[in-house]
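What follows is a structure written as structure tokens; I'll ask about it next.
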Amino acid sequence: MKKLSDFFVGEIGVIAKVDGEPKIKRRLFDMGVTPGTEVFLRKKAPLGDPLEITIRGYELTLRKAEAERVLTTEVKRNA
Amino acid sequence: MLKFALAGNPNCGKTTLFNHLTGSTAHVGNWPGVTVDKREGLYKKLDSPVSIVDLPGIYSLSPYTQEEVISRNFILNEKPDCVINIVDVTNFERNLYLTTQLMEIDVPVVVALNMMDMLEKQGDKIDAKLLEQRLGIPVVKISALKSDGLDQLMQVALKATRTVRKGKTVLENCEISHLIKDVTVALDGQDVADPLFHAVKLVENDELEVQMHPNTIKTVEKFKQTYNNDLFGTDLEALVADARYKYITKYYSPALTKNKKGIQVTPSDKIDKVLTSKWLGIPIFLVILFTIFHLTFSENLLYIGSIFNLPKIDDTQLKEGFNKAVLSCFYDGAVYSPGVILFNLMELITGSVFGFITNLIESAGASTAAVGLVDSVFAGIGGVLSFVPQVVFLLLLLSILEDTGYMARVAFILDRIFRKFGVSGRAFIPMVMGFGCSVPAIVNTRTLADERERILTIRTIPFFTCGAKLPILIAIAGAIARLFGSVNADIITYSMYVLGVAVAVVSIIVMRSTTQRGEISPFIMELPTYRAPSAINLARLVWDKTKHYIEKVFTVILASSVLIWFLSNFGWDWKMVEIENSILSSIGKFVQPLFTPLGFGSQLGDNGWVFVVAAVTGLIAKENVVATFGAIAACFIAGFEGTEEGALEVVTMVSKTGITWQGLIAFIAFNMTTIPCFASVAAAKGELGKGKKTTNTIIFWLFTSFLTSTIVYLVLSWWWTSFIVVGLGVVTAIVLREYNKKHPLPPQSSKQLENLSVNGCNSFTCASCRGCHKYKNK
């Protein structure tokens, strides 16, 4: 399983698990970051952190610290 | 009267809909979190008027941010006759997530599919019939921006109020549906309203619910002892959220047919690629910020005047008169920026009108006292009135940033930098708003989830020099340039803005290592699609703000000017005296020594008190500072006529007091960093609550302004004192660091909470946790 924080820009994966502090986990769930969903790393901020991802058809930003808790499978480059 | 509530995700168009339905002019922006409190208006196109309540945008009905609690409590306690759930169809699944929670409440719900125009533009289609069938809730297609389908929406909502709706859940077929059913039955037996909603929340171990139903939570606790899910363990909150999304993807998503599959590159993405790119992102932000201020107050637009060495207006062959007066509003050896042109035109108008009235009064043979009063009041309000268009122009430029969606990107770009100082990028949005006006900026801090971050942000917002402080800056910078030559007024103005930001940064760092220690809150934020700013929106803003400032001029500033005239013309024996013996001067002289280290205290001699008085009147409203100078100048010089951006008033003050330019700059610094206006203090109190937090905040502002201003005065007057200042700064930093190393914060959150959650506790802090018996048993 690959952490979302280890993604290269342009990579796409399927979320397998979301860990971490309940409050943050709940927030991520509320925003649609749930197991089984496709997640795409769109870009990194100019200083490398936070990240911008596309999920469920919209753009979401989160820090590497939060992305570390998102574990994914089937990671590949978006054609 | 019927009451309809508008509920939906942040930035889904609720406020736009609200404005169209009620004819209101509430502020709209393009970033999540513009509306932070509920507001009401009337819809009058049905047989009888309906009250419409615009609730703050929320992603969920969880209890984690204040807006969520406000919306949730409103729907549960005030029982609106119908909840209109606005769903942004361009962001379908995430918006329906809230719908699945709203429909658990026993209240009529109507789904409004908003942004249909955008969807059609993308070539996507939505099957509203199918969705309606599967949701079991009426569905109406609308476009709030284009006012499409609004009347139909209201008709459907009206019809919905006539039915009684029982809560329904999409969790019926999930693993824990029987637990939800058991708890619902138990709550229903206790005559709890909305049993289904509360049951689901109890299962999620929602802290508000656990407090309300301490007995029923035991059922859930008992269940958890024997339950274990492969993926979520006993974390039912996660399980429920996941089940909702699974249901949405399976049953609701088919209603939406996308034109193109996969991830698309839209025009918005192309813009974004440049604006947030690795190398250009930050420089572009700085250029945009500079451009905003340059357009607002530069007297040398794009430096055309310097580049082409254009002639001064007096060197031309133009005759004195109307034409020259108008031309000089736009040009004098350099082209003025739009902000300055607006100012000049307004000044020309107010100057002519006031001059005309004064002449009229004088020729009617009014007494000297009456003429003095009129002069004083006109100098006061005139100085402020002239600034109204320029300040509104600045607000307009800032709100274009909000409207286009760039503001959210600024948070994205700068989060890394701001995190170093101790706040998240999200906190930077209210700070930038502070350049316009502190009041809405302070109220907006509600969107920040972390209490400490909110306090920090509220305290530092006033350091982002607001529009009302602009007159002080420009007047004094203008006077300094006039009197002491060779200094460019623009440079002083820019550096004072920078000073304000620097003070903000330093105070955030200091507070983060002293009174407000703690972890930086997470940064999980939606980035809205870019869109062209809406002309109607901007026009509305200009109108609202202009009205607001003009009202202020003719209420607060007018009253203060009259009061200052009275206090500076009368002695304690209520007889008219020279200004030197007036009540105002004796009060001013009393507090004057306090300001000696700041450069405008005792060293100024007899008339030095005017600066102290101006600063004190500035606590009511910052515009008062220049108004006070005007009113007092009119007392010094009979028939005084300002203003040239208030610079002449300040020049008069300088000649009467002998203040140095260092003292003048320290005076600006003091006004910029001290307690902001009454309105901001009230807003801060509203957010922080009565008591210690507010008192400490006021003390903090006073302390910061004295310190900053003293440093500015000392360093500018005697350059070698900068070594002392830097030395003391370094020592303080080291002491704080060592102290914090020796007294680390009690290990908090993550690790500890993770362990707890494995043991069955879902609450996010131990302090608020009341239900976790396993923890207590340990």
Side-chain angles (χ1 to χ4, degrees), chain A residues 1 4 9-71 73 76-79, chain B residues 59-60 62 64 88 90-94 97-98 204-205 231 235 237-238 240-242 244-246 249 258 262-263 268-269 272-273 276-282 408 411-417 419 424-425 449 522-529 749-750 753-754 756-757 761-765:
Chain A
M1 280 203 278
L4 178 58
V9 172
E11 276 187 330
I12 197 163
V14 177
I15 298 170
K17 198 168 185 240
V18 181
D19 271 338
E21 195 185 326
K23 187 185 176 184
I24 296 171
K25 186 159 61 173
R26 175 59 196 254
R27 190 82 186 151
L28 288 170
F29 274 124
D30 283 350
M31 303 302 284
V33 184
T34 58
T37 318
E38 230 179 28
V39 58
F40 170 61
L41 183 65
R42 185 173 277 279
K43 74 161 101 65
K44 294 179 178 180
L47 298 168
D49 194 17
L51 314 174
E52 180 178 343
I53 60 169
T54 301
I55 191 153
R56 295 184 187 274
Y58 81 98
E59 264 87 76
L60 181 75
T61 165
L62 73 173
R63 291 201 193 115
K64 275 189 176 165
E66 282 110 39
E68 233 170 53
R69 291 148 169 171
V70 180
L71 302 171
T73 53
K76 57 172 191 273
R77 283 203 69 79
N78 185 42
Chain B
Y59 295 108
S60 164
S62 63
Y64 294 135
D88 172 0
T90 61
N91 203 334
F92 197 58
E93 290 175 359
R94 203 201 60 217
Y97 178 74
L98 178 67
E204 289 181 348
N205 207 17
L231 198 52
D235 185 355
E237 192 176 8
V240 166
D242 184 55
R244 285 188 201 280
Y245 269 113
K246 283 222 170 80
T249 328
K258 290 236 176 203
I263 288 150
S268 175
D269 297 333
D272 199 48
K273 211 161 199 170
T276 61
S277 72
K278 188 167 180 173
W279 300 110
L280 291 176
I282 293 173
F412 172 71
I413 295 172
L414 296 179
D415 177 70
R416 184 71 192 270
I417 299 175
R419 199 177 347 149
S424 73
F523 181 68
I524 303 170
M525 194 175 91
E526 178 188 358
L527 292 174
T529 311
S749 66
S750 2
L753 279 164
E754 259 173 46
L756 279 176
S757 101
C761 175
N762 264 341
S763 192
F764 65 93
T765 62

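Every chain is numbered from 1 and lettered A, B, ... according to where its sequence line falls, protein lines coming before strand lines.
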Contact leader toward chain A among F92(B), F412(B), W279(B), where contacts are heavy-atom pairs under 4.5 Å: F412(B)
Mind checking what makes salt bridge (charged side-chain N to carboxylate O under 4.0 Å, His left out) contact with R94(B), not counting sequence neighbours? E526(B)
Considering only heavy atoms from C-beta outward, does the side chain of P22(A) approach that of D235(B) to under 4.5 Å? no
CZ of R63(A) to CE of M525(B): how many Å apart, nearest 0.5 Å? 11.0 Å
Counting heavy-atom pairs under 4.5 angstrom with chain B, the leader among G57(A), P35(A), A16(A) is P35(A)
If the condition is ring pair (Phe, Tyr, Trp, His ring centres under 6.0 Å), which residues does Y245(B) pass it with, not counting sequence neighbours? Y97(B)
I'd like to know if the side chain of R416(B) and the backbone of L47(A) have a donor-acceptor N/O pair within less than 3.5 Å. yes
Close side-chain approach of E59(A) to S268(B), heavy-atom, < 4.5 Å: no
Salt bridge present between R42(A) and D269(B) (N-O < 4.0 angstrom): yes
What residue, out of I413(B), T249(B), T529(B), has the most heavy-atom pairs lying under 4.5 Å from chain A? I413(B)
Part of I55(A) within contact of chain B (heavy atom distance under 4.5 Å): neither
Side chains of D49(A) and D415(B), heavy atoms from C-beta outward: is any pair under 4.5 Å? no
Which heavy atom of R26(A) sits nearest to which heavy atom of S60(B), and what is that distance? NH2-OG, 3.1 Å
How long is the straight-line distance from CD1 of I524(B) back to OG1 of T61(A), given to the nearest 0.5 Å? 9.5 Å
Chain A heavy atoms under 4.5 Å from R244(B): which part of the residue, side chain, backbone, both or neither? neither
Ignoring hydrogens, what is the shortest heavy-atom contact between P46(A) and S277(B)? Give both atom names and the distance. CG-O, 3.6 Å
I'd like to check T34(A) versus K246(B) (side-chain heavy atoms, cut-off strictly below 4.5 Å). Are they in contact? no
Considering only heavy atoms and a distance below 4.5 Å, find which of K17(A), K44(A), K43(A) pairs most often with chain B. K43(A)
Considering all heavy atoms of both residues, which atom of P50(A) and which atom of F523(B) are nearest to each other, and what is their separation? CG-CE2, 3.6 Å
